[in-house]
Structures are given as structure tokens and as C-alpha cells.
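Remember, it's 1-based here, ligands and their atoms both numbered in the order they're listed. What you see is a predicted model, and the numbers here were worked out from it, not measured in a lab.
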Amino acid sequence: MADDLKILVVDDEPIVIRSCMAVLKAEGYNIEGTLSGKDAILKMEQNPYDLVFTDLKMPEVDGITLIRWIKQKRPDTGIVIITGYPSQDTIKDALELGIIDYVPKPFTPAVLLDVTQRAVEWVRGKAPVGKEVKEEFPPSMIQEIDRVIKQYKGKPGSSIPVLQRCQVIVGYLPPVVQKRIAKGLNLSPAEIHSIVTFYSFFTMKPRGDHNIRICLGTACYVKRVEEVLNKIKEALKIGVGEVTENKKFSLETVRCLGACGLAPVMVIDDETYGAMNPKKVPEILEQFA
Ligand code: FES
């Protein structure tokens, strides 16, 4: 639930603001909206917000300009971009500025809630990010992480290969590991975090022997993928981002698996299951027992 976090949505399309308000207010979030980057700055000058969702293409003050302003004047505010089909350069700019995540347009309520939940966790957890890597992982693992960082340090475009290799070493990329990588590569923790959340092959949580991914994208959502998700949660007794007690399964949600024609879609490891419905769930899970 949402408590006292303040969220500002900035988008020149009123329908986007209305949709965000409807979905997030119903979940108890304290949310306001504005139609321009200029007005967003005026609002933020008066009041700090914990989280800002911003469109990238807006007249006068566009999203990237707004993000730069926030990073300079309100660096504690978490930023999520709401985007249609941005260019690679725009996404690269936004990632380098340290956004937390993105919501693709058009979005479903499930995707918006999923991204919001993770962004809220990030905003809440980022101040005291926690223990040092040493306290959580064996020294040999830390040495390996440091060796990878050293190998890539100072080389352009090093963040993705370093993250990939560290994910192989640790199995996932928790905040303490992200912080160590950021420090080692002279990057901000926000920049590293935004890369981890942007690319679906990175994970911040440990995975089970079999990783289940459920698509919450529009095509799957309208074909009631949530019923499939609920059935899996019930069958495995875990929530999204969790691993079963026997470490056999982990459960994730994603925004589109690129198989919309088969909606609703679920993927276990590399196997795609199309036209899913809750009745198929037990039989499919049984194959992995
Ligand atoms: S929306 Fe589910 S696969 Fe594309």
C-alpha cells in the first residue's frame, strides 16, 4: 500500500493523467497530475514529490529537460518515464540521467501498478541502501565482482557487460551489488539501477531453478492474463518477485514477451506457453515437478 509518498504525473495527454490517477488512487497512492513540464517545475519548486512519472515528448519543456532539472534541483525524487516509441538516443539519455524505470504507452493497469510498486520500493529503500556486499556474500564472490569491474573500468559502454557478468557470479543483482558496480565504474547508483530495471534479462531478485514470466502487456491483459497469474500464485504459494520454498520456481511479470498473437502468454525458462488459461496451469507446472 501507498502511505504518504507523493507522486506527480506529467503528460500532455489528459487521458494518460486520468488513467494514472484512476489506477493509482484506487490503490491508495497520493497522486497529482499536470499537463506540462513547465507546470511540473513550478509545482516541484513549491513542494517536493517522491516520485515523478513523466512523458518524454512534451511542448516547451520536454521530458529530458524536466529530468535534468529534477536531477539538479530535487535529486531525491525518483523518476519513471512514460513512453511510446522513443529513439535509442532518447532512452540512452534517460538511462544516463538515472531514471528508475519506464511505463510503455499504451499501458495496462497491471503494468502501471507493477512499475509503481517497484519504483516505490526503490524510493523507500534508496536512502539507507543497506549492508555492504561483504556482509551478504562470500569473499571469493566479492573478489570476482571486483575483478570484473577492474577489467572493464574506464572502457566506454562497460556497464551492461559488467552487470551481465556480475549477474552470472551472484545469480541476481541486488542493490548492494549494483552500488559496488556503480562505485567501481564511477557511475551513479541510479544510472546502474535504471539499466537493471530497463533490460528484462537483468533481475534484482534470486531466481528459482525454473523462472516463470507472465506477460502483463495490453494484448495479454485484455485476454485475462491476471487470472493465470493468480492461479500460479495460488498453486506455488508465492507472489511476484518471489521464489518457492524449495527454490524450484520463481515468478516475474514482464511488459511484453513479443508473442502478442499467442496472448495470454507465459514463459517458463525458454519455453513459451500461448493461449493460457488458469485450467492449463497445474498440468504445465506438473511437467517441472
Ligand atoms: S502483450 Fe503479451 S506478449 Fe505482447
Side-chain angles (χ1 to χ4, degrees), residues 9 11 13 15-20 22-24 26-27 53-57 80-88 90-91 94-95 99-119 167 194-205 207-208 210-236 238-243 249-285 287-288:
V9 181
D11 199 302
E13 292 179 75
I15 180 73
V16 173
I17 305 233
R18 282 203 300 274
S19 309
C20 290
V23 173
L24 297 181
E27 292 295 315
F53 285 72
T54 181
D55 186 14
L56 288 177
K57 276 192 182 168
V80 173
I81 55 172
I82 309 172
T83 173
Y85 297 98
S87 70
Q88 283 298 320
T90 313
I91 282 292
L95 287 173
I99 58 162
I100 301 176
D101 208 341
Y102 74 102
V103 181
K105 273 195 221 175
F107 53 82
T108 62
V111 165
L112 180 64
L113 279 174
D114 187 44
V115 172
T116 305
Q117 242 163 33
R118 278 187 279 128
Q167 179 161 288
S194 61
I195 295 170
V196 172
T197 50
F198 190 78
Y199 294 101
S200 59
F201 46 83
F202 291 129
T203 176
M204 290 197 289
K205 303 254 169 95
R207 283 179 174 154
H210 302 289
N211 190 43
I212 304 174
R213 289 182 292 157
I214 301 287
C215 176
L216 296 182
T218 309
C220 292
Y221 186 79
V222 296
K223 294 212 169 167
R224 307 155 85 101
V225 75
E226 273 191 301
E227 290 175 8
V228 177
L229 177 62
N230 289 337
K231 183 72 191 175
I232 291 172
K233 285 180 180 170
E234 183 195 305
L236 299 178
I238 54 171
V240 173
E242 293 176 357
V243 182
F249 293 101
S250 47
L251 180 60
E252 288 175 10
T253 51
V254 293
R255 280 159 276 212
C256 178
L257 285 161
C260 312
L262 300 176
V265 181
M266 157 174 108
V267 168
I268 303 185
D269 303 331
D270 293 324
E271 188 78 30
T272 301
Y273 299 86
M276 279 299 297
N277 65 56
K279 284 190 189 144
K280 290 185 176 179
V281 168
E283 199 185 319
I284 293 172
L285 294 180
Q287 294 168 19
F288 295 87

K.L.:
Would you compute the distance between atom CG of L24 and atom OG1 of T116 and round it to the nearest 0.5 angstrom?
P.N.:
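Here the interatomic distance stands at 4.5 Å.
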
K.L.:
Taking only Lys NZ, Arg NE, NH1 and NH2, and the carboxylate oxygens of Asp or Glu, determine whether E283 and K280 approach each other closer than 4.0 Å.
P.N.:
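Here E283 does not pair with K280 in a salt bridge, since their nearest N and O are not under 4.0 Å apart.
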
K.L.:
Atoms of ligand 1 less than 4.0 Å from A219 heavy atoms?
P.N.:
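Ligand 1 atoms under the 4.0 Å threshold to A219: 1 (S).
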
K.L.:
For a 4.5 angstrom cut-off between non-hydrogen side-chain atoms, does D11 reach K105?
P.N.:
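Side-chain contact under 4.5 Å: yes.
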
K.L.:
Determine, for D114 against R255, whether the closest basic-nitrogen to carboxylate-oxygen distance falls under 4.0 angstrom.
P.N.:
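Result for this pair is no, no salt bridge flagged.
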
K.L.:
Less than 4.0 Å between a side-chain N and a carboxylate O, is that true for R207 and E252?
P.N.:
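Yes.
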
K.L.:
Once rounded to 10°, what is the value of the angle centred on atom 4 (Fe) of ligand 1 between C256 SG and C260 SG?
P.N.:
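With atom 4 (Fe) of ligand 1 as the vertex, the angle is close to 90°.
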
K.L.:
Below 4.0 Å from ligand 1: does a non-hydrogen atom of A263 turn up there or not?
P.N.:
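No, A263 has no heavy atom closer than 4.0 Å to ligand 1.
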
K.L.:
Roughly, to 10 degrees, what angle do C215 atom SG and C220 atom SG form around atom 2 (Fe) of ligand 1?
P.N.:
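SG of C215 and SG of C220 make an angle of 100° at atom 2 (Fe) of ligand 1, to the nearest 10°.
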
K.L.:
Any idea which atoms of ligand 1 are less than 4.0 Å away from a heavy-atom of A259?
P.N.:
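Contacts of ligand 1 toward A259, numbered from 1: 3 (S).
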
